[in-house]
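Remarks on the structure that follows.
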Amino acid sequence: MSGDEKKLKVEARAPRGLGDREAGELAATNRMLDVIRSVYELYGFEALETPAIEYTDALGKFLPDQDRPNEGVFSFQDDDEQWLSLRYDLTAPLARFVAQNYDRLPKPYRSYRCGPVYRNEKPGPGRFRQFMQFDADTVGSASPAADAEICMMAADALEKLGVARGDYVIKINSRKVLDGVMEAIGIGGEENAGRRLVVLRAIDKLDRLGPDGVRQLLGEGRKDESGDFTKGAGLSLPAIDTILSFSLGGQYEEGKPQFDLFGLLGKSETGAQGARELMEIEDLARDAGYGSDRIRIDPSVVRGLEYYTGPVFEADLTFETRDEKGHPVRFGSVGGGGRYDGLVGRFRNENTPATGFSIGVSRLFAALKLVGSPIVTAQPHVGPVVVLVLDRDRLADYQRMVAQLRGAGIAAELYLGAAGMKAQMKYADRRRAPLVIIQGSDEKAKGEVQIKDLVAGARAAAAIATNEEWKAARPAQFSAPESELAEQVAQALAVQREQA
RNA sequence: GCCGCCAUAGCUCAGUUGGUUAGAGCACCAGAUUGUGGAUCUGGGGGUCCCCCGUUCGAGCCGGGGUGGCGGUACCA
């Protein structure tokens with residue numbers, strides 16, 4: 001090959017932030033999704049799938065005052081020049097679906113959805129540009145009972161997945177309460193909207209930056225280790241203290257705030273209303289038997305900043321793990337959600353209240369591996385039985401054996417490559433084949449097949465030192481009449497499964 | 001976006017004060033009687049030393065610029 005030709009070769013690589021998932025991980029992920037699905041269906045939620053692509057305006061993601069889609073959203077133009085975008089979550093598409101089918105849907109409408117979402121952002125460790133979410137939502141109920149139910153369901157799902165009670169907590173807070181606190185320190189009103197955003201973002205960083213970092217962000221600003229400066233909210237010291245004492249010290253004990261929340265919120269009707277809703281959610285959870293070890297009010301929870309209108313939820317894993325440097329680190333959030341009463345209303349005149357919860361599937365998957373949940377750690381992927389090809393002109397015979405096995409419900413395949421027997425064995429090994437079927441001229445003459453157990457063979461290999469011995473021993477294989485192929489293979493597979 | 005670090009084989013990395021044909025381990029392929037996975041042994045394939053410009057008799061190495069990757073930070077529905 002000349003250098004010129006070589007240069008033309010396309011480099012085989014996935015775009016950054018996007019990855020392939022192979023058989024083992026797919027199987028484990030599917031087992032995990034099945035568990036979540038069964039819990040959600042138990043709660044009476046029904047399946048829904050919406051397309052990965054939506055009109056950009058339906059997602060509400062045009063840049064302000066520009067007819068160009070927001071950065072961070074993958075977008076392209078249809079042949080009629082309409083903007084289309086890849087969905088960046090599963091909530092906005094649900095709102096579109098409900099609005100579009102409003103008249104025929106039972107209300108409140110409960111549904112769950114699972115699928116990939118896309119974000120055009122800089123990827124990082126554990127952050128991808130395509131990732132999977134699993135959502136459940138109740139549309140058309142303003143009742144705190146709907147919020148409470150979503151939280152209980154999230155708790156049930158985590159436990160069913162193998163996260164022990166005490167290793168997780170569903171934290172709840174309310175955007176109304178947060179707004180009330182900000183009103184109390186004098187940054188209510190339209191003119192302070194930008195500043196409130198900065199405050200919420202600062203609170204959201206509590207777990208990562210700690211109180212001191214957040215204090216800086218609420219005040220003048222903060223300079224991080226890389227030398228980058230983030231401008232702060234410019235609050236007064238008393239205001240900063242109020243925010244921090246609310247977010248940090250404002251832990252509730254069984255429905256009773258540790259400090260005078262209602263006094264603080266006295267000036268703000270929305271704030272007081274938010275607090276009442278929060279306590280009602282908590283009461284409902286308690287009445288259903290969910291203690292503060294599972295569902296509890298936590299004023300530091302902020303969540304997504306755009307469309308939440310009331311209660312917000314966050315599922316946190318509380319057990320400690322260690323990072324690559326050995327430092328103890330908390331796993332953190334594996335899902336979140338809240339009430340978004342305005343979303344469906346973008347499509348319709350009357351407002352439609354809605355609440356939901358979203359699980360970050362790959363993050364949760366990583367967490368389940370850490371806690372050793374059998375749902376994701378069990379059974380390595382098992383490949384098909386491979387029928388080796390020894391005599392090239394007898395392909396039809398081998399194919400018949402494969403068909404026989406498949407007819408008996410056994411996953412099997414014919415070796416389709418061109419290599420010799422040794423390479424075929426390596427192939428079977430790499431496919432994680434449980435067994436291979438060997439029939440050369442000797443066996444053919446006797447009407448027999450050799451059935452070789454690759455799993456038992458690998459065990460036997462440990463005791464054998466030389467290649468000659470290894471070849472001569474032919475460990476873990478036996479011959480069987482060709483007519484009994486399927487039965488004998490089925491039996492060998494059953495034995496293998498028992499020993500696993 | 002901002003700041004920092006890095007770039008040599010598929011992967012992890014060596015590479016002398018600037019000196020001929022750029023190396024190792026792992027991975028991959030193959031051995032013999034075309035009938036046996038692993039280990040061992042032997043052999044083999046695989047490189048635009050990220051790109052461009054400059055300095056030099058001579059650059060993987062020095063200088064400048066670019067690109068790409070990684071980490072932090074910001075944004076994140």
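We name chains A, B, ... by the order of the sequence lines, and we start the count at 1 in each one.
For the pair A:Leu209 and A:Arg222, the minimum side-chain heavy-atom distance is below 4.5 Å.
Between the side-chain ring of A:Tyr88 and the base of B:A77, a stacking contact exists by the 5.5 Å and 30° definition.
Mapping A:Asp453 and A:Arg208 onto RNA chain B by nearest heavy atom places A:Asp453 closer to the 5' end of the strand.
Taking only distance into account, the side chain of A:Arg201 never meets the base of B:C75 through a donor-acceptor pair shorter than 3.5 Å. At a cut-off of 3.5 angstrom, counting only N and O atoms as typed in the model, there is no donor on one side facing an acceptor on the other between the side-chain of A:Lys422 and the base of B:U36. A donor-acceptor contact under 3.5 angstrom links the side-chain atoms of A:Glu443 to the base of B:G35. For A:Gln477 against B:U36, a side-chain-to-base donor-acceptor contact under 3.5 Å is present. Contact annotation: side chain of A:Lys426 to base of B:U36, donor-acceptor pair absent below 3.5 Å.
Within 4.0 Å of A:Ile438, counting heavy atoms only, lies at least one base atom of the nucleic acid. Looking at heavy-atom distances under 4.0 Å, A:Thr91 makes no contact with the nucleic acid at all. Among the atoms of the strands shown, only primed sugar atoms or phosphate atoms (P, OP1, OP2) are found under 4.0 Å from some heavy atom of A:Lys205.
Using C1' as the reference atom, B:U21 and B:C49 are 15 Å apart when rounded to the nearest Å. On the C1' atoms, B:C52 is 24 Å away from B:A9, given to the nearest whole Å. Using atom P as the reference point in both B:G31 and B:G35, the two lie 11 Å apart (nearest Å).
The distance from atom OH of A:Tyr427 to atom P of B:C28 is 16 Å, rounded to the nearest whole Å.
Nucleotide B:C5 forms a pair with B:G69, judged by Watson-Crick or G-U wobble geometry with both contacts under 3.5 Å. Base pairing analysis places B:G25 opposite B:C11; the two distances defining the Watson-Crick or G-U wobble pair are each below 3.5 Å.
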